[in-house]
Amino acid sequence: MRITENELSADLFYELYISVGWEPPLKEQIAVALNNTIAAFTVYDDNNNPVAMARLIGDGGMSYYIKDFAVIPTEQKKGIGTMLMKHIENYIIKNLKPNWAVSLELISSKGKEPFYEKMGFEARPCEWDGAGMFKMVRYTN
């Protein structure tokens, strides 16, 4: 297995995105999103087949957000997601200045919360904070 950084194309993103059953955005949107992403990660298996991806977005100072974290279904539960998540966290840590702490957030796909909890994420809502929120905003004429 190997992980590449910032080599994810819009076409490969599209393939990995639909592999997990998500309704894909337009490829033009994907290209713009990738261009404005802090880092994009792609995991390849030992036969050089792409099996997972994720994007990291944020402000580079206080907040990071993991987006489009996807492992193709036939490769799930093989440790690929764990490897990718650790790689992302190490990427963030190596880019932090001394004494900096940042928030790392995401929205889990339904039923995948236990994976993220295993990786140290706290499920929301919690007693002292509001729930994670999500809204789709669409262009209308």
Side-chain angles (χ1 to χ4, degrees), residues 1-140:
M1 295 277 169
R2 70 183 174 91
I3 299 175
T4 64
E5 295 177 3
N6 300 319
E7 296 180 5
L8 184 60
S9 69
D11 288 333
L12 180 53
F13 178 100
Y14 185 90
E15 290 175 30
L16 291 169
Y17 199 90
I18 63 172
S19 79
V20 294
W22 297 336
E23 183 180 334
L26 299 171
K27 286 189 183 177
E28 180 182 7
Q29 287 180 280
I30 296 168
V32 170
L34 289 171
N35 190 50
N36 290 296
T37 295
I38 290 175
F41 307 92
T42 312
V43 181
Y44 293 87
D45 67 13
D46 294 334
N47 295 316
N48 207 36
N49 296 311
V51 294
M53 70 169 181
R55 291 189 310 126
L56 185 63
I57 59 178
D59 60 25
M62 293 176 18
S63 297
Y64 289 94
Y65 192 90
I66 296 173
K67 192 80 175 108
D68 310 314
F69 191 98
V71 178
I72 63 174
T74 57
E75 299 302 311
Q76 292 177 7
K77 301 197 185 294
K78 296 182 179 180
I80 295 168
T82 299
M83 180 180 71
L84 179 55
M85 186 62 71
K86 288 179 180 178
H87 186 90
I88 293 168
E89 288 187 34
N90 286 333
Y91 177 91
I92 293 168
I93 290 167
K94 77 178 183 182
N95 286 290
L96 291 180
K97 295 189 187 246
N99 301 314
W100 283 20
V102 299
S103 65
L104 179 57
E105 302 171 25
L106 58 84
I107 294 177
S108 174
S109 292
K110 192 169 185 95
K112 301 296 184 183
E113 296 88 352
F115 166 77
Y116 295 108
E117 289 172 339
K118 180 181 82 173
M119 298 302 304
F121 284 83
E122 179 182 311
R124 301 289 174 127
C126 68
E127 292 178 20
W128 53 271
D129 206 356
M133 303 299 289
F134 176 76
K135 178 181 180 180
M136 292 295 298
V137 178
R138 298 188 186 273
Y139 175 84
T140 56

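Given the structure is predicted, the values throughout are model-derived calculations rather than measurements.
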Any idea which heavy atoms bring L104 and Y65 closest together, and the distance?
CD1-N, 4.5 Å
Apply the test side chain to side chain contact (heavy atoms under 4.5 Å, CB included) to residues N48 and R2: give CA-CA distance (whole Å), side-chain angles for both, the deciding distance (0.1 Å), then the verdict.
CA-CA 8 Å; N48 207 36; R2 70 183 174 91; 2.5 Å; yes
Where do W22 and S109 land on the side chain to side chain contact (heavy atoms under 4.5 Å, CB included) test, with the steps shown first?
CA-CA 10 Å; W22 297 336; S109 292; 3.5 Å; yes
Excluding sequence neighbours, so at least two apart, what forms side chain to side chain donor-acceptor pair (under 3.5 Å) with E105?
S103
Shortest non-hydrogen contact between P50 and L12, atoms and distance
CG-CD1, 3.5 Å
Backbone N or O of V32 within a donor-acceptor pair of the N36 side chain at under 3.5 Å?
yes
Applying salt bridge (charged side-chain N to carboxylate O under 4.0 Å, His left out), name anything that partners K86, two or more places apart in sequence or on another chain.
none
So K67 and L56, do their side chains get closer than 4.5 Å, heavy atoms only?
no
How far does CG of L106 sit from CE of M85, to the nearest 0.5 angstrom?
5.5 Å
With sequence neighbours excluded, tell me which residues meet salt bridge (charged side-chain N to carboxylate O under 4.0 Å, His left out) with K118.
none
Nearest-0.5 Å distance that lies between atom CG in L34 and atom CG in D68
8.5 Å
If you take all heavy atoms of L16 and A52, which pair is closest and at what distance?
CD1-O, 3.8 Å
Step by step, work out the side chain to side chain contact (heavy atoms under 4.5 Å, CB included) result for F121 and E113.
CA-CA 9 Å; F121 284 83; E113 296 88 352; over 6 Å; no
As a test of understanding, state which of L96, D59, I93 forms a side-chain contact (heavy atoms from CB on, under 4.5 Å) with V102.
L96
Tightest non-hydrogen contact, residues P73 and V20, listed as CD-CG1, 4.2 Å
With heavy-atom distances below 4.5 Å as the criterion, would you say the side chains of I3 and Y44 are in contact?
no
How close do P25 and Y17 get, counting heavy atoms only, and between which atoms?
CD-CE2, 3.8 Å
For Y91, all residues meeting ring pair (Phe, Tyr, Trp, His ring centres under 6.0 Å), sequence neighbours excluded:
F41
What's the spacing between F69 CZ and Y116 OH if we round to 0.5 Å?
5.0 Å
Side chain Q29, main chain K27, donor-acceptor under 3.5 Å
no
Here the gap from H87 atom NE2 to M1 atom CE, rounded to the nearest 0.5 Å, amounts to 14.0 Å
Without swapping roles, check the side chain of T37 against the backbone of A40 for a donor-acceptor pair under 3.5 Å.
no
Listed by chain and number, what are the side chain to side chain donor-acceptor pair (under 3.5 Å) partners of N95, not counting sequence neighbours?
none
Tell me the closest heavy-atom pair linking A123 and E117, and the distance in Å.
CB-OE2, 3.2 Å
Please lay out, stage by stage, how L26 and I30 fare under the test side chain to side chain contact (heavy atoms under 4.5 Å, CB included).
CA-CA 6 Å; L26 299 171; I30 296 168; over 6 Å; no
Measure the spacing between CD1 of I80 and CD1 of I72 and express it to the nearest 0.5 Å.
7.5 Å
When rounded to the nearest 0.5 angstrom, what is the spacing between CD in Q76 and NZ in K78?
10.5 Å
Test of understanding: with ring pair (Phe, Tyr, Trp, His ring centres under 6.0 Å), list the residues that count as partners of Y64, not counting sequence neighbours.
none
Under 4.5 Å between any side-chain heavy atoms of T82 and M119, yes or no?
yes
